[in-house]
2 protein chains.
Amino acid sequence: MVTIYDIAEKANVSAMTVSRVINNTGRISEKTRAKVKKVMEELNYVPNQMARSLVLQQTRSLFLLITDITNPFYTTLSRGAEDAATKNGYRLLFGNSDESLEKEADYINTILTTRVDGVMIAPAGDPSLPHLESLKRHNIPFVLLDREVPGVDCDIVLGDSKEGARQLVNHLAQQGHRRIAMVNGSDTISSARLRLEGYREALILNGLAYDKTIVFETSYGPRTDLSEMEAWLDSLNPLPTAVVAGNNVLAIEVIRLLRKRSLRIPDDISIVCFDDFGPYSEVDPFMTVAAQQAYQFGYLGMQMLIDRIQNKDEAGPWKKIVLPAELLIRRSVSTIK
Amino acid sequence: MVTIYDIAEKANVSAMTVSRVINNTGRISEKTRAKVKKVMEELNYVPNQMARSLVLQQTRSLFLLITDITNPFYTTLSRGAEDAATKNGYRLLFGNSDESLEKEADYINTILTTRVDGVMIAPAGDPSLPHLESLKRHNIPFVLLDREVPGVDCDIVLGDSKEGARQLVNHLAQQGHRRIAMVNGSDTISSARLRLEGYREALILNGLAYDKTIVFETSYGPRTDLSEMEAWLDSLNPLPTAVVAGNNVLAIEVIRLLRKRSLRIPDDISIVCFDDFGPYSEVDPFMTVAAQQAYQFGYLGMQMLIDRIQNKDEAGPWKKIVLPAELLIRRSVSTIK
DNA sequence: AAGTAAAATGTTACCGATAACTCTAATTTA
DNA sequence: TAAATTAGAGTTATCGGTAACATTTTACTT
């Protein structure tokens with residue numbers, strides 16, 4: 001491995017002079033600068049970021065931890081985050097926790113040991129609290145995405161889950177649906193709680209009763225085994241005329257089960273969900289959704305994070321951005337006379 | 001920041017003893033070990049990976065560079081890579097080059113300066129050559145994904161692009177299509193060249209002429225401006241009865257343009273493409289595709305990479321894995337009498 | 001009880017960079 | 001022309017760990 005000492009020796013200067021050329025600091029004569037640069041090229045020199053970070057006590061890199069890399073909500077969010085990070089001269093690294101607290105813990109460990117300058121994180125849920133406390137303890141600035149965690153004060157970007165759920169249910173009610181089921185993410189996740197609340201409130205506002213036997217709670221992430229969900233679905237008698245899914249992944253899984261039973265959508269049963277399907281909705285604009293501004297989640301969150309990092313001393317009040325969801329009416333809901 | 005020296009002082013031992021406790025190396029009495037561990041907990045000690053990597057000359061982390069984080073082919077591939085990396089005790093970092101040579105160069109720089117142990121990379125194209133040479137020069141093991149780069153010898157995982165394209169065209173021909181257009185990725189990308197070749201060969205085998213005016217070449221990645229593609233589409237007279245898209249992203253963009261013209265699929269025009277849409281095909285199994293084994297790309301590639309890293313000295317011959325594509329017939333192709 | 005092997009711990013140097021300070025030669029100023 | 005700046009370098013210490021070697025304890029032999 002070529003080091004600044006190798007360069008220094010070959011160029012007949014001190015290592016410090018090489019460092020100055022690399023970083024464009026201090027005073028260097030044009031002649032020496034040229035000489036050093038030439039040697040660097042000749043030897044294919046690449047600075048060692050670890051050595052540098054060790055002394056500088058900063059890495060110029062940020063971390064984005066999402067819970068499902070195959071979910072277009074998060075990949076679109078990632079693009080927003082990436083754009084904002086790059087624009088500000090930061091390197092962005094990604095991690096995927098898979099909605100798992102254990103994987104999240106591993107990534108938190110990576111984050112702490114590699115001393116990144118800041119973190120954007122979609123927490124696995126309320127039990128992520130110790131992970132976030134750990135970040136706090138070690139003074140690593142972070143921004144929460146999409147999910148609040150009780151007991152944690154920080155900058156955060158949220159979607160308006162309650163209002164989004166209300167819109168979905170209102171739409172179904174307006175189309176004449178009276179028996180509306182819900183498949184939702186875990187109760188330990190703030191957005192799931194709010195979506196359930198919105199669902200409930202909208203039911204009542206539309207003169208419908210809330211019936212907890214037609215609400216199924218599970219994980220937001222894709223599961224390998226659908227049998228539990230299947231058992232729940234089979235237990236419903238009569239079948240609901242519509243299902244609200246807590247996110248796009250759940251919607252797909254419900255659809256898979258419905259297809260298995262040869263139930264047609266929307267003829268036999270209607271379905272709506274949170275989050276759009278990225279570009280794939282265009283292939284066939286089928287699902288009626290409450291679309292969230294995924295790109296903005298990432299972009300705005302990243303701006304907040306960088307802001308926080310660069311003004312670490314000032315420590316203004318915590319900021320909270322709430323982005324509204326938009327109801328996109330497509331073909332997955334039937335009208336009931 | 002708490003260091004091993006802080007621990008050492010408080011526990012009344014030397015820094016080396018602390019290091020030994022952390023790494024479970026050397027001989028330590030149970031009493032000291034317990035004492036040191038207690039102090040580490042009290043002070044919330046987290047090892048500094050940079051300092052460690054600096055002396056160990058290895059990071060235990062790998063890098064995966066993909067070209068489109070919003071493409072389900074790559075996100076599914078990522079999951080495969082992640083699983084294989086985690087299983088082997090490696091940390092995996094992701095980067096997204098967006099099919100851009102410049103962004104790729106930035107990531108290569110990150111890779112070199114951060115001294116990761118190995119890299120899996122879907123190169124932006126043939127012009128990625130210098131980037132890969134750079135990795136070689138600095139002795140960083142890498143595995144290529146999905147795309148060959150002339151002039152580079154290395155381990156690689158490929159899809160059978162030629163055969164996949166043949167299958168798509170054969171299917172169209174069997175359904176009676178005679179005028180089959182193609183929208184393809186850049187000629188600087190090996191998979192695009194092979195897909196074009198497969199398309200061409202299959203045309204001829206089906207007694208159809210190859211007409212280069214109905215082949216449009218562009219980037220695989222999503223573009224913000226569709227006007228060029230639109231102009232090409234408008235120039236086609238008569239309109240082809242079917243379009244083969246070089247990947248899923250291109251298929252979506254073609255569909256967007258066709259919809260804009262109120263052309264119905266498959267009634268007015270049929271479309272097929274390479275790569276499936278991940279779970280989203282389930283929402284509405286619409287598009288007939290040559291599905292690639294995305295997860296396997298990542299998983300097998302990662303295994304090769306780790307193998308190469310762990311047997312760096314042995315240096316066996318370069319390995320090449322070619323994964324077949326599977327034709328999934330759905331509803332986007334009409335039958336012409 | 002003295003000698004020795006094994007176990008437990010400590011010392012020193014180094015990984016590759018940069019900050020802070022020092023030094024020398026050239027240039028400016030009075 | 002001597003004194004004071006200033007430009008252009010170099011020296012040394014340090015970031016937080018670990019390897020290799022050195023040393024001290026402890027346990028075991030005879």
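Letters go in sequence order (proteins before strands), and every chain restarts at 1.
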Expected rows: protein N/O vs nucleotides 26-29 of chain C N/O, under 3.5 Å:
none

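- Over its length, the helix from C:dA1-D:dT30 to C:dA30-D:dT1 turns its helix axis by 50°, as judged from the five terminal pairs at each end, rounded to 10°.
- Atom CE of B:Met1 and atom P of D:dG16 are 9 Å apart (whole Å).
- A salt bridge links B:Arg308 with B:Asp155: at least one charged nitrogen is closer than 4.0 Å to a carboxylate oxygen.
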### Message
Does B:Tyr299 form a side-chain hydrogen bond (donor to acceptor under 3.5 Å, both in side chains) with B:Lys87? I'd like the steps, not just the answer.
### Response
CA-CA 10 Å; B:Tyr299 197 90; B:Lys87 218 180 78 176; 2.7 Å; yes
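- Considering only side-chain N and O atoms, B:Ser14 lies under 4.0 angstrom from the phosphate OP1 or OP2 of C:dG10.
- In summary, the aromatic rings of A:Phe63 and A:Phe142 are positioned with their centroids too far apart to meet the 6.0 Å limit.
- For the ring pair (Phe, Tyr, Trp, His ring centres under 6.0 Å) criterion with A:Phe73, the lone passing option out of A:Tyr295, A:Phe297, A:Tyr220 is A:Phe297.
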### Task
Could you go through the side-chain hydrogen bond (donor to acceptor under 3.5 Å, both in side chains) check for A:Arg60 and A:Asn88 one step at a time?
CA-CA 10 Å; A:Arg60 254 339 253 168; A:Asn88 287 278; over 6 Å; no
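- With respect to A:Asp153 and A:Lys136, no salt bridge is recorded, no charged nitrogen being found less than 4.0 Å from a carboxylate O.
- In the displayed structure, A:Lys35 atom NZ is contacted under 6.0 Å by more than 12 heavy atoms of other residues, nucleotides or ligands.
- Within residues 15-29 of chain B, the residues approached by DNA chain C to less than 4.0 Å at the level of any non-hydrogen atom are B:Met16, B:Thr17, B:Arg20, B:Arg27, B:Ile28, B:Ser29, in residue-number order.
- A:Thr114 contributes a side-chain N or O that, together with a main-chain N or O of A:Thr110, makes up a donor-acceptor pair within less than 3.5 Å.
- The pair B:Lys38-B:Glu41 does not count as a salt bridge, with every side-chain nitrogen at least 4.0 angstrom from each carboxylate oxygen.
- The separation between A:Glu30 atom CD and D:dA7 atom P is 15 Å, rounded to whole Å.
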### side chain to side chain contact (heavy atoms under 4.5 Å, CB included) between A:Ile156 and A:Val143, worked out
CA-CA 5 Å; A:Ile156 186 165; A:Val143 169; 5.6 Å; no
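- A donor and an acceptor atom never sit less than 3.5 Å apart when one is taken from the side chain of B:Tyr5 and the other from the base of D:dG16.
- Residues from residues 41-49 of chain B with heavy atoms under 4.0 angstrom of DNA chain C: there are none.
- Closest-nucleotide positions on DNA chain C for A:Ile4 and B:Thr32 were compared, and the one nearer the 5' end corresponds to B:Thr32.
- Comment: A:Arg137 does not engage A:Glu133 in a salt bridge, judged by the lack of any side-chain N to carboxylate O separation of less than 4.0 angstrom.
- Sequence neighbours left out, the pairs with a member in residues 89-102 of chain B that pass salt bridge (charged side-chain N to carboxylate O under 4.0 Å, His left out) are A:Arg79-B:Asp98, B:Asp98-B:Lys103, B:Glu99-B:Arg147.
- Less than 4.0 Å separates DNA chain C from at least one heavy atom of each of the following residues of residues 51-62 of chain A: A:Ala51, A:Arg52, A:Leu54, A:Val55, A:Leu56.
- Within a 6.0 Å radius of CD in B:Glu9, no more than 12 heavy atoms belonging to other residues, nucleotides or ligands are found.
- Within a 6.0 Å radius of CD in A:Gln310, other residues, nucleotides and ligands contribute more than 12 heavy atoms.
- Remark: side-chain polar atoms of A:Asp6 are paired, donor with acceptor, to backbone N or O of A:Thr3 under 3.5 angstrom.
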